[in-house]
Enquirer: 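Questions regarding the structure given below will be posed in turn.
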Amino acid sequence: MEIPKQVQIAAKGLIDMYGYNIDYLGKYEGAEYYMFVFPDDEDSGFPFVYQYKHGKALIITGFAALDIIDLFIEKG
């Protein structure tokens with residue numbers, strides 16, 4: 001899947017430091033969500049999630065990012 005240019009721009013600092021590693025999480029309430037995936041050996045703290053809606057990207061981190069990621073985890 002192609003990552004929207006606005007999400008790539010929002011994640012530019014992380015991409016420059018760690019490489020291009022963005023995963024698509026899914027769609028929820030009309031917005032698409034993406035997450036930057038840090039290298040396995042990196043202690044990064046909270047994840048960075050990007051909401052893409054109406055051509056704009058919003059950076060979400062902290063506990064709010066964890067809540068969004070939880071929306072896309074299949075619970076068995």
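Along the sequence shown, the residues carry numbers beginning at 1. Being a predicted model, the structure only gives us computed values, none of them experimental.
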Enquirer: In Å and rounded to the nearest 0.5 Å, what is the OH to CD1 distance from Tyr33 to Ile68?
Expert: 5.0 Å
Enquirer: If hydrophobic clusters are built from ILVMFWY residues whose side chains come within less than 4.5 Å, do Val49 and Leu66 share one?
Expert: no
Enquirer: Using ring centroids (six-membered ring only for Trp), state whether Tyr18 and Phe38 fall under 6.0 Å.
Expert: yes
Enquirer: Would a 4.5 Å heavy-atom cut-off, applied to side chains only, mark Met35 and Ile69 as touching?
Expert: yes
Enquirer: Taking atom types as modelled, find out whether Tyr52 and Glu32 have a side-chain donor-acceptor pair closer than 3.5 angstrom.
Expert: no
Enquirer: Which atom names give the shortest non-hydrogen contact between Ala65 and Pro47, and what distance separates them?
Expert: CB-O, 3.7 Å
Enquirer: What about Met17 and Val7, same hydrophobic cluster or not, with Ile/Leu/Val/Met/Phe/Trp/Tyr joined at side-chain heavy-atom distances under 4.5 Å?
Expert: yes
Enquirer: Write down the atom of Ile60, the atom of Gln51, and the distance for their closest heavy-atom approach.
Expert: CD1-CB, 4.0 Å
Enquirer: Kindly check if the number of other-residue, nucleotide or ligand heavy atoms within 6.0 Å of OH (Tyr20) is above 12?
Expert: yes
Enquirer: With sequence neighbours left out, write down each residue that passes side chain to side chain donor-acceptor pair (under 3.5 Å) with Asp16, or none if nothing qualifies.
Expert: Lys12
Enquirer: Roughly how far, to the nearest 0.5 Å, is the OH atom of Tyr34 from the CG atom of Leu25?
Expert: 9.5 Å
Enquirer: Between Leu58 and Tyr50, is there a side-chain heavy-atom distance shorter than 4.5 Å?
Expert: no
Enquirer: Locate the shortest heavy-atom distance separating Glu29 from Lys53; write the atom from each residue and the value.
Expert: O-NZ, 3.5 Å
Enquirer: Kindly say whether the aromatic ring centers of Phe63 and Phe46 come within a distance under 6.0 Å.
Expert: yes
Enquirer: Which pair of non-hydrogen atoms, one from Phe36 and one from Leu14, has the smallest distance, and what is that distance?
Expert: CZ-O, 3.6 Å
